[in-house]
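Note sheet for the following structure.
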Amino acid sequence: MTDRQGGLGGWTAGRKGTLSRLRFTSLRLRLVVVFALVALTAAVSASGIAYWLNREAVLTRTQDAVLRDFQQEMQNRAGALPVHPTQDQLQRTAGQMAGSSQRFSVLLVGQDADGRAVYGNSGGLSGFSLEDVPVSLRTAVNKQQKLSSANKAPYHLYWQRITDHGTPCLVAGTKVIGGGPTGYMLKSLEPEAKDLNSLAWSLGIATALALVGAALLAQAAATTVLKPVHRLGVAARRLGEGKLDTRLRVSGTDELADLSRTFNNAAEALEKRVADMAARDESSRRFVADMSHELRTPLTAITAVTEVLEEELDSEGGGIDPMIEPAVRLVVSETRRLNDLVENLMEVTRFDAGTARLVLDDVDIADQITACIDARAWLDAVELDAERGIHARLDPRRLDVILANLIGNALKHGGSPVRVSVREADDEVVIQVRDHGPGIPEDVLPHVFDRFYKASASRPRSEGSGLGLSIALNNAHIHGGDITAANSPDGGAVFTLRLPRDASALAAQTTEGDGNGEGQGKGGGESRGGGSGGTAKGGAR
C-alpha cells in the first residue's frame, strides 16, 4: 500500500511539474503555434496554387497535343475513306490513326452501303468501344450545328476527362465534314497523373520542412524575447522578497533594454525610499525607547511619593487636608496610569524592534487562568470553564499578559459575569472570553486591536493606556497564534484566543530581547487590561 501511495504521489508530482512548465512556457508555446500556423497557411497556400497551376499546365499541354494530333488524323486518314466504308476499311484506318506519336486508342463508327452501322477499333474486339464513350459526349458529337458567319462547320470536336477503372483518361470525338465516319479517341493520362502525384508529394515535403523551420525560428525568436522577460520576472520576485539591491544587466538599445533600465531605476528609487523609511522608523522607535527609559527614573521617584500620599489617604486621621484630597487622589491615579503607559510603550517598542523573545515552559492552561484571576482578585466576577490537564508549551508571562488584558477589558467594559472557556482543537488551544455587556459596535470591531484607537471622539480620555489589546495581540502573534473579536448572538462581546500547543519552532526564530520588560507579569496585566479596553470598547459604550 505504501509503494502504491508513493507511486501515486510521484505521478501527481510529475503531472504538477509538467503543468507548471506548460504554464511557465505558455507564451513560448503561443509564439511557436502562431509561427507554425502562419508558416503552414503560407506553405499550404503556395503549394496549392503551385500544384493547381502545374496540374492545369500539364493536362492542358497533353490534352492540346493529343486533340491536335487526333484532329489531324481524322482529316488525313478518316477523311480519305468513302462515305459508306466497310468494316475492314474502318479497322485498318483506326489502326493507322492509333499509330501516331500520341499513342491513343481510336474507334471509328460509320454506315456501309446497306445502311448498317460498322465499327473499326484500333484495339480489336476487347479494345476501345462505344460504351466507353459518355452519352453526353456522343450526343454533342452527333448534333449538327447551325451554320453562320461565326460557325463555318456543322460538326465540331468535343472532349471530356473521365476515369476508367481508376485511371484518368481523355475522351474526344468528331465527325468527318462532308460525310464519312465518326471518330472517337481515348488517351490515358496515367503518366501525367503520376507526375502530378510526385509534384504533390514534393510540395507536401516542402510544406512540412517549412513548418519545421517555422517552429525552429519561433523557438529561437521566443528564446531571444523571453529570456530577458524571464530575467525580469526573477528580478521582480527577488525584489518582492525584500532583496532591494536586485538589478538587471542592461544591454542593447531595444525596448527590452529600456524596460530593464526602467526596472533598475524603479528598484533604485524603491531601495532609497525603503532605506529612508527604515531610518525614520528606527529613529522613531529609538526615540520612544529612549523616552520611556528616561521617564522611568523620575517616575520611580514620583511613584514612591504617590505611594506615601496614598497611604496617608487610606490611614485613619490622615494629615491630608480635605480640600486637597481630590487633587491628591487624582495625582495618585494619573501617576499610576502614566507608569503603566511607559511600561506599555517599552513593550510595544520591543515588538516593533523585533527583540521580544519567548521563554517557554509547559503550562496547564486551567491553572494559568486560575492564577491570573486569583492574582487580580477577580474570582467572584469570572466563571471558568476549563478542564485541568490541557497542557501547552508557551511563555507563561506573556500568556498571563494576554489573559489579564482580555479578562480585565471584559470586566471593565462588558459586564459580569465574565465567562472564560477553554477547549482543544487539533494542534491548538482555544480560549474564549465572553462578557454580558452590550457588545462592540460593528464600526469599532475592525479597530479594537489598533493602538490608541478611540471609539468615540467625545471621550478621548480613558483609564487605560490604549495599548493593552494591541500588546495582547502581539503576544499571541509571537506564539504563532491569533486573537479575534466578535459579538455573541446572545449579547456581549467574545474575544477568541488561539495558541499552538507547542511554540518551540517560533521561539527558535525570535531574537534575544531586552530584559527590561520581562518583569511586567501580573502587576501590569490588570492595568493593561483595563486600559486597552477603555480605549477600544469603553469609548463606544
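One is the number of the first residue; the rest follow in order along the sequence.
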Assess the residue pair Ile205 and Leu209 against the criterion (side-chain contact (heavy atoms from CB on, under 4.5 Å)); give the C-alpha distance rounded to whole Å, side-chain angles, the decisive distance to 0.1 Å, and a yes or no. CA-CA 6 Å; Ile205 294 173; Leu209 293 177; 4.1 Å; yes
Show your working on side-chain contact (heavy atoms from CB on, under 4.5 Å) between Glu424 and Ile390 and close with a plain yes or no. CA-CA 8 Å; Glu424 298 178 276; Ile390 301 178; 3.8 Å; yes
side-chain contact (heavy atoms from CB on, under 4.5 Å) between Val422 and Asp385, worked out: CA-CA 6 Å; Val422 181; Asp385 179 15; over 6 Å; no
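Other residues, nucleotides and ligands contribute at most 12 non-hydrogen atoms within 6.0 Å of the CG atom of Asp427. Remark: Asp276 CG is packed, more than 12 non-hydrogen atoms of other residues, nucleotides or ligands lying under 6.0 Å away.
Of all heavy-atom pairs between Phe263 and Ala236, the closest is CZ-N, 3.9 Å. In terms of heavy-atom proximity, Cys372 sits nearest to Leu403 at SG-CB, 3.9 Å. Leu394 and Val363 make their closest contact through O-CG2, 4.1 Å (heavy atoms, listed as atom of the first residue, atom of the second, distance). Looking at every heavy atom in both residues, Trp378 comes nearest to Ala404 through CH2-O, 3.6 Å. The nearest pair of heavy atoms linking Ser470 to Phe449 is CB-O, 3.5 Å. Between Leu199 and Asn54, the shortest heavy-atom contact is CD2-CB, 3.3 Å.
Residues Glu268 and Arg247 form a side-chain contact, since some pair of their non-hydrogen atoms from C-beta on lies under 4.5 Å apart. At a threshold of 4.5 Å between non-hydrogen side-chain atoms, the residues Leu445 and Asn487 count as touching. Between Arg376 and Asp400, some side-chain heavy-atom pair lies under the 4.5 Å cut-off. Between Ile373 and Ile407 the shortest side-chain heavy-atom distance falls below 4.5 Å. Taking the side chain as every heavy atom from C-beta outward, Val448 and Val444 approach each other to under 4.5 Å. At least one side-chain heavy atom of His477 sits under 4.5 Å from a side-chain heavy atom of Asp482. Side-chain contact between Phe495 and Ile402: absent, with no pair of heavy atoms (C-beta onward) separated by less than 4.5 Å. A heavy-atom distance below 4.5 Å is not found between the side chains of Asp435 and Leu411.
Atom CZ of Arg423 and atom CD of Gln432 lie 6.0 Å apart (nearest 0.5 Å). Between Leu499 atom CG and Leu399 atom CG the span is 6.5 Å, to the nearest 0.5 Å. In this structure, the separation between CG on Leu248 and OG1 on Thr262 is 10.5 Å, given to the nearest 0.5 Å. With rounding to the nearest 0.5 angstrom, the CD1 atom of Ile365 is 11.0 Å from the OG1 atom of Thr370. Rounding to the nearest 0.5 Å places CG of Leu259 at 5.0 Å from CG of Leu232. From Asp364, atom CG reaches atom CD of Glu387 across 11.0 Å, with rounding to the nearest 0.5 Å.
Scanning for side chain to side chain donor-acceptor pair (under 3.5 Å) contacts around Ser260 gives an empty result, with sequence neighbours left out. Partners of Asp258 under the side chain to side chain donor-acceptor pair (under 3.5 Å) rule, at least two apart in sequence or in another chain, are Arg261. Listed by chain and number, the residues in a salt bridge (charged side-chain N to carboxylate O under 4.0 Å, His left out) with Asp426 amount to none (sequence neighbours excluded). Asp367 pairs by the salt bridge (charged side-chain N to carboxylate O under 4.0 Å, His left out) definition with Arg388, not counting sequence neighbours. Legend: residues meeting salt bridge (charged side-chain N to carboxylate O under 4.0 Å, His left out) with Arg393, ordered by chain and number and at least two apart, are Asp362.
Between the side chain of Arg501 and the backbone N or O of Val429, no donor-acceptor pair lies under 3.5 Å. At distances below 3.5 Å, at least one donor-acceptor pair connects side-chain atoms of His479 with backbone N or O atoms of Asp395.
Counting only residues at least two apart or on different chains, no side-chain hydrogen bond (donor to acceptor under 3.5 Å, both in side chains) pair has a member in residues 32-46.
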